[in-house]
Amino acid sequence: MTESARPGEPSTPPTNTIPGPRAEPLPPPPATVAAGPQDDNLTDELEEAYWSVHDGAAADATVAQVLTRLPRITALIGRLAWQADRRATLCVVVCQLASAAMSALGLIAGIAVLQHLFAEGPTPDRVRASLPQLLLVIALLGARAGLESGVAVAQARVTPKIRTALECDFLHLTAHVRLEAVEDAGWHDEVHRANDRGLFYARQIVGQVVSLASAALALVGTAGVLGILHPALLPLLLLSVLPVGFAAVRSARARFSSFKRWNALQRRVRVFSWLLLDVDAAAELRSDTAQGALLEEHRRLTLKIAAEDTRLGVHAALLNLAGRAVGGLGTGITYAALAAMLIAGWLPLAAGAGAVLAIQSGQVALTRLVEVAHLVYEYALWVSDLLTVQERSRRLLPAQADLQAPSTVGRITLDDVHFTYPGKEAAALNGISMTLTAGQKVAFVGLNGSGKSTCAKLLAGLYEPECGSVRWDGTDVREMDAQSLHRQVACVLQEPVRFPFSALSNITAATGTLTQADPARTLAAARASGADAVIASLPDTWETLLSKRFKGGQQLSGGQWAKIAVARGLYKNAPLLLLDEPTASMDPPSEHAVYEAVLRGRLREDQITVLISHRLASVVDCDTIYVFDEGRITESGSHEELMALEGGTYAAMFTLQAGGYRARSSPPLDKPLTPS
């Protein structure tokens with residue numbers, strides 16, 4: 001292999017021709033194979049999905065871990081709420097505290113009612129004496145209901161604002177991170193997990209934190225009331241509620257654990273459901289008559305899931321029975337101790353009745369507290385995950401600078417550029433040097449993985465070189481504002497984005513707008529790309545929605561989408577136009593028309609056009625052709641110069657492709673065809 005050749009320098013011919021395929025010998029397959037895991041531990045055979053990493057986390061956490069994390073979680077949600085809407089957040093806090101106070105005062109007033117009812121004297125007199133306290137209980141309950149409504153209203157105001165702020169910030173950050181971050185599989189999983197789960201649970205967790213605070217305050221209020229009645233009642237509260245709390249913890253953990261297992265089982269069966277319903281698989285599924293095989297595997301898995309559901313249901317019922325039994329034992333001991341206190345005269349009968357109400361209230365509050373605490377713990381993992389992704393995305397944003405990229409460029413220079421993809425050992429580019437001048441038409445050719453597309457993305461400023469430099473008229477692109485550079489580059493890719501918008505919006509999106517267009521420039525771009533005929537055939541021409549998701553929307557073929565994409569690139573009218581296999585899905589006449597437009601009938605004469613193509617006939621008219629091999633430029637020059645190189649790679653590839661179009665003599669029909 002030779003060193004990189006600069007434009008104008010003689011190219012040294014390589015020592016060999018096109019590299020052959022690299023393959024290891026493959027042994028024959030077995031006669032039978034299972035479609036998937038066959039044992040009962042199906043979940044052990046499944047990779048954990050990126051979006052399920054925190055599912056069931058509360059089942060593995062200890063009580064101490066949950067309790068330790070709750071204050072931090074509450075502070076985090078409080079901070080987010082305060083930033084979103086201070087007035088609504090303050091209203092939630094004040095109303096929640098006041099509601100807890102109303103609940104405690106209502107319990108005390110209820111005990112006062114019991115004291116009047118259990119007092120000596122005629123029943124009518126006792127009832128009349130209790131009426132003021134009874135009215136007070138009603139008033140306190142009404143006030144509590146009003147305060148709880150205030151909490152709900154304020155929560156309804158602040159929750160969507162938290163979600164909106166987080167979602168807008170998240171999408172803004174992730175939409176602008178550098179391209180190499182998006183192409184990293186690990187970051188890709190993190191972002192989708194944060195989007196799928198983090199944003200969802202960010203909305204849910206606000207209400208759960210409010211419920212958690214309500215349950216905690218109710219428990220504290222109950223303890224306070226019992227302390228007022230008699231200090232000895234506080235140990236009785238613990239004796240009563242701890243068994244209930246233990247049962248609630250076990251129940252919550254079992255529920256989280258079962259959900260994780262059920263979810264893993266469902267993942268496998270969804271594969272078969274999706275294949276049976278997918279429109280892209282429908283034709284091949286029917287031509288191969290594979291429906292029966294998929295249905296058989298689907299039934300096997302659904303029976304296994306049904307058995308798992310039964311096992312989980314029985315386990316939950318037994319666990320609930322055990323929890324209620326233990327809780328009932330604790331409650332029985334509590335009531336026995338309370339009866340002993342009444343017999344010993346330590347506690348009036350009315351106070352004893354009030355203590356029973358308070359203890360029952362405490363049991364309900366603790367059960368609710370445990371269940372919500374586990375939910376908040378798990379939800380907080382997802383929200384923390386979301387915030388971590390946002391913070392990481394801030395560090396991955398492209399450079400921002402005062403220096404803006406120019407709207408015209410006379411010369412783009414790559415000087416000894418090196419680039420390696422994250423996680424890869426082999427360099428994608430290894431010492432690339434070239435100079436592109438205004439009005440020049442350039443082609444990048446070579447085998448797959450040789451570095452063509454990577455070099456184009458470096459030219460576009462989508463990647464930054466590890467070593468070397470990319471300069472626009474002598475200025476290193478790393479000194480320019482990244483977004484301003486992107487605005488001066490038009491990229492047309494082999495698999496373009498199919499925006500589910502109008503035909504016009506699909507073209508104007510190149511300039512950062514979906515609603516504003518330059519009519520003359522749009523029409524010129526559509527005509528040059530051949531998209532004008534496509535758009536003219538649509539029911540509403542420019543305003544037709546290009547997606548079947550919408551009523552009246554139209555679906556284009558791959559070749560038609562390619563024409564729209566080329567029109568989008570031409571409409572941008574940028575000083576640098578990059579075309580990466582743009583006509584791969586076009587028919588020959590359309591392909592010819594596009595190359596005529598971008599190589600001869602260009603809309604901008606000073607535009608630098610870079611064409612990447614495996615169809616070498618399309619690059620013949622380019623001013624300079626660069627041949628890439630394993631991250632290096634091994635040959636460069638015009639078509640005629642490269643064809644004249646003895647033993648050259650380009651000449652070998654071109655000759656190989658051209659040979660496929662030569663007429664071949666057919667063997668006589670009366671002679672059998674024999675393999676060569």
Side-chain angles (χ1 to χ4, degrees), residues 50 169-195 388-401 403-405 409 412 414 417-430 432 434 436 444 446 448-472 475-499 509-512 565 568-569 572 574-582 608 610-612 628 631:
Y50 73 86
D169 192 24
F170 170 79
L171 291 176
H172 176 80
L173 289 169
T174 54
H176 288 87
V177 296
R178 297 191 298 272
L179 181 61
E180 63 264 28
V182 181
E183 294 176 341
D184 177 63
W187 186 87
H188 190 267
D189 283 355
E190 289 179 9
V191 167
H192 278 275
R193 183 172 66 240
N195 183 64
T388 300
V389 170
Q390 288 181 316
E391 185 58 35
R392 184 181 175 190
S393 296
R394 291 187 180 93
R395 297 193 296 269
L396 293 171
L397 292 174
Q400 295 182 343
L403 181 62
Q404 302 292 298
V409 59
I412 299 177
L414 277 69
V417 168
H418 295 253
F419 180 81
T420 303
Y421 285 100
K424 301 289 186 180
E425 295 183 1
L429 295 179
N430 191 5
I432 297 294
M434 66 174 65
L436 312 178
F444 294 169
N448 290 334
S450 59
K452 308 182 300 298
S453 296
T454 304
C455 186
K457 290 174 181 175
L458 276 156
L459 283 170
L462 297 174
Y463 295 151
E464 290 185 359
E466 296 171 355
C467 302
S469 63
V470 180
R471 297 180 179 275
W472 282 39
T475 302
D476 195 314
V477 296
R478 286 173 289 198
E479 299 175 10
M480 301 178 185
D481 181 76
Q483 282 203 18
S484 73
L485 179 64
H486 299 161
R487 284 192 287 268
Q488 303 306 326
V489 181
C491 293
V492 182
L493 306 179
Q494 181 177 350
E495 295 292 338
V497 178
R498 302 180 177 186
F499 292 111
T511 56
R568 185 159 62 228
K572 193 171 185 179
L576 176 60
L577 174 63
L578 302 174
L579 302 109
D580 191 349
E581 297 283 354
I608 299 173
V610 177
L611 173 62
I612 302 173
F628 284 73

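What you see is a predicted model, and the numbers here were worked out from it, not measured in a lab. Side-chain atoms are counted along with the backbone in the values below, which use heavy atoms only and exclude waters and symmetry mates.
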*asked:* Out of the candidates D580, L576, I412, L579, only one should pair with V610 under the side chain to side chain contact (heavy atoms under 4.5 Å, CB included) rule; please name it.
replied: L576

_Heavy-atom donor-acceptor pair, K452 side chain to F628 backbone, under 3.5 Å_ = no

*Return the set of residues passing side-chain contact (heavy atoms from CB on, under 4.5 Å) with P496 (not counting sequence neighbours), or none when no residue passes.*
A565, R568

*Main-chain N/O of A427 paired to H418 side chain as donor or acceptor, under 3.5 Å*: no

*Report the C-alpha separation of L436 and L459 in whole Å, then their side-chain angles, then the decisive distance to 0.1 Å, and conclude whether the side-chain contact (heavy atoms from CB on, under 4.5 Å) test is met.*
CA-CA 10 Å; L436 312 178; L459 283 170; 4.0 Å; yes

Side chains of residues 419-426: which donor-acceptor partners sit under 3.5 Å, not counting sequence neighbours?
residue: Y421; atom: OH; partner: T454; partner atom: OG1; Å: 2.6

_Verdict with supporting geometry, K457 and C491, side-chain contact (heavy atoms from CB on, under 4.5 Å)_ = CA-CA 9 Å; K457 290 174 181 175; C491 293; over 6 Å; no

*Between the side chain of T475 and the main-chain N/O of R471, is any donor-acceptor distance below 3.5 Å?*
no

*For R178 and P398, indicate whether the former's side chain and the latter's backbone hold a donor-acceptor pair under 3.5 Å.*
no

*Hey, are R392 and E190 close enough for a salt bridge, meaning a charged N less than 4.0 Å from a carboxylate O?*
yes

*Side chains of D476 and S469: donor-acceptor distance under 3.5 Å anywhere?*
no

_Heavy-atom closest pair, residues L458 and P465_ = CD2-N, 3.4 Å

_With a 6.0 Å cut-off (strictly less than), is the heavy-atom count around CD of Q400, excluding the residue itself, greater than 12?_
no

*When you look at E464 and R478, which way does the side-chain contact (heavy atoms from CB on, under 4.5 Å) test go after all the steps?*
CA-CA 7 Å; E464 290 185 359; R478 286 173 289 198; 4.0 Å; yes

